[in-house]
Number of protein chains: 2
Amino acid sequence: MTRTLSEENYLKAIFHLSRNSKEKVSITTLAASLENTAASVISMLRKLTAKELVDYDKQKGASLTRAGEKAAIDIVRKHRLWEVLLAEKLEFSWEEIHDIAEQLEHVHHPELADRLDKFLGFPQFDPHGHPIPDIKGNISQVSGKLLSDSTIGIELEVVGVKDSSSMFLNYLKQLDIKIGSKLMVEQIIEFDQSAIVKINNSSSISVSRKFLESILIISTGS
Amino acid sequence: MTRTLSEENYLKAIFHLSRNSKEKVSITTLAASLENTAASVISMLRKLTAKELVDYDKQKGASLTRAGEKAAIDIVRKHRLWEVLLAEKLEFSWEEIHDIAEQLEHVHHPELADRLDKFLGFPQFDPHGHPIPDIKGNISQVSGKLLSDSTIGIELEVVGVKDSSSMFLNYLKQLDIKIGSKLMVEQIIEFDQSAIVKINNSSSISVSRKFLESILIISTGS
DNA sequence: AATAAAAATTAGCCATGTCTAATTTTTATC
DNA sequence: GATAAAAATTAGACATGGCTAATTTTTATT
Ligand SMILES: [Mn+2]
Ligand SMILES: [Mn+2]
Ligand SMILES: [Mn+2]
Ligand SMILES: [Mn+2]
């Protein structure tokens with residue numbers, strides 16, 4: 001019952017997509033997320049259904065079986081632990097680690113994740129602020145809420161990002177925003193839901209709605 | 001010009017096989033080494049020849065071009081660096097690391113090997129006693145010679161193994177032989193070239209010719 | 001209910017990397 | 001030099017995981 005790289009990527013995609021919306025995942029959504037065609041998605045879902053990793057065809061949409069979720073969490077755990085190693089031990093930066101971890105997450109060995117976990121000192125979050133599933137598969141609550149859901153005029157602290165793409169992270173680097181940075185939403189522009197945000201108590205910049213929905217914060221001030 | 005996993009495994013196999021015999025590698029030899037059929041080997045060699053990583057068809061046998069050798073050394077470097085990380089940082093044992101490194105060696109990132117190298121303190125040899133190519137691709141000489149080439153009655157020290165399979169390494173573990181262990185060949189049996197070997201100055205055991213050809217030693221005594 | 005748009009599905013094709021079963025060289029051996 | 005064995009090659013097939021181009025089904029919109 002060994003899983004191919006493609007199978008693992010599908011399981012992970014379904015896992016992440018059903019986390020957000022809490023719903024069954026449609027073919028179209030999966031296709032967009034994996035940058036594959038709907039036809040390809042359907043044939044893979046059939047394969048995963050046959051392997052009893054995915055429930056499908058019942059209604060519209062796919063969801064993970066217990067076994068599928070277990071497999072997905074295992075991949076996510078490996079992905080995030082490798083990211084910690086890459087960042088903390090090998091000195092890679094925020095925007096470099098994700099793509100390497102995409103490859104490392106598919107390395108198979110029954111004890112690998114646990115050894116990494118121990119070596120790294122059982123980290124709770126990866127460098128993007130995402131929770132690392134523990135050895136039993138329990139995932140702690142994401143700390144923080146979306147910047148788009150925050151109140152105007154309150155001091156906020158960045159605790160994570162929702163988007164780990166190097167495109168987004170390079171943008172943040174340019175703005176000198178990282179985990180721990182201070183933000184304050186000064187104004188929301190009604191016209192397009194963009195905002196003026198003060199960074200680290202110095203410069204104020206204009207950012208898009210999409211930006212606001214990609215940053216996780218906690219409020220730390222008045 | 002990105003390489004597939006299969007392509008990389010062929011390059012590595014040609015590299016190792018032509019190291020030993022210093023000759024061009026035959027289809028049959030490659031097929032045996034990769035556990036593929038001769039037909040498969042031929043079609044892959046065509047592909048690699050088209051990519052100018054392999055010279056073929058000139059005479060009997062394949063060899064690496066300059067570019068092919070560079071690629072192969074890069075893979076070997078990654079393999080051995082990962083083995084050091086697995087053994088020294090993640091506490092995996094001798095016989096576990098090779099199979100994991102077989103997967104890790106295919107992870108692509110321009111700086112990964114160098115970061116690993118630095119983090120590990122620029123190790124010269126992997127846990128099996130094999131030299132790690134440096135950043136420029138230079139490979140230091142294997143220290144030691146084969147146990148089968150040693151003189152009878154001289155104290156020897158194990159500095160490496162020629163066979164990194166878990167099968168062989170588990171056998172060594174059972175015999176309590178590791179790098180640094182002391183050996184002495186007491187007798188060679190003419191009949192089948194097997195030998196009586198004293199281990200760590202205590203028990204003597206009988207080992208096959210194949211065994212003698214799988215251990216690297218230096219002489220340390222009279 | 002009729003119709004249009006969106007989503008899902010089917011059918012057929014393709015590249016990669018394998019394989020088996022001939023067949024053709026090449027190399028040894030008498 | 002003839003002949004047998006070994007090695008290389010060809011031919012054709014198959015599994016995987018993609019794709020495009022219909023077609024069918026479902027969902028919305030008047
Ligand atoms: Mn992946
Ligand atoms: Mn991450
Ligand atoms: Mn490999
Ligand atoms: Mn090794």
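Basis for what follows: all heavy atoms, side chains included, without hydrogens, waters or symmetry-related copies.
Residue A:R46 has a polar side-chain atom (N or O) positioned under 4.0 Å from OP1 or OP2 of C:dT10. In this model, the phosphate group of C:dT18 is approached by a side-chain N or O of B:Y10 to a distance below 4.0 Å at OP1 or OP2. Between D:dG18 and A:S43, no contact under 4.0 Å exists linking OP1 or OP2 to a side-chain N or O. The side chain of A:N36 places no N or O atom within less than 4.0 Å of a non-bridging phosphate oxygen (OP1 or OP2) of D:dG17.
Residues A:A39 and A:E7 both approach DNA chain D. Their nearest nucleotides, taken by heavy-atom distance, put A:E7 toward the 5′ side. Comparing A:T37 and B:A38, the nucleotide of DNA chain D nearest to each residue sits closer to the 5' end for B:A38.
Heavy atoms of other residues, nucleotides or ligands lying less than 6.0 angstrom from NZ of B:K89 number more than 12.
Annotation: cation-pi pair B:K162/B:F168 absent, no NZ/CZ under 6.0 Å from the ring centroid and within 45° of its normal.
Among the candidates B:L212, B:L156, B:V197, the single residue satisfying the side-chain contact (heavy atoms from CB on, under 4.5 Å) test with B:S150 is B:L156.
Within residues 25-33 of chain A, no residue is approached by DNA chain D to less than 4.0 Å at the level of any non-hydrogen atom.
A donor-acceptor pair shorter than 3.5 Å can be found between the side chains of A:E83 and A:H98.
By the 4.0 Å N-to-carboxylate-O rule, A:R66 lies too far from A:D55 to be salt-bridged with it.
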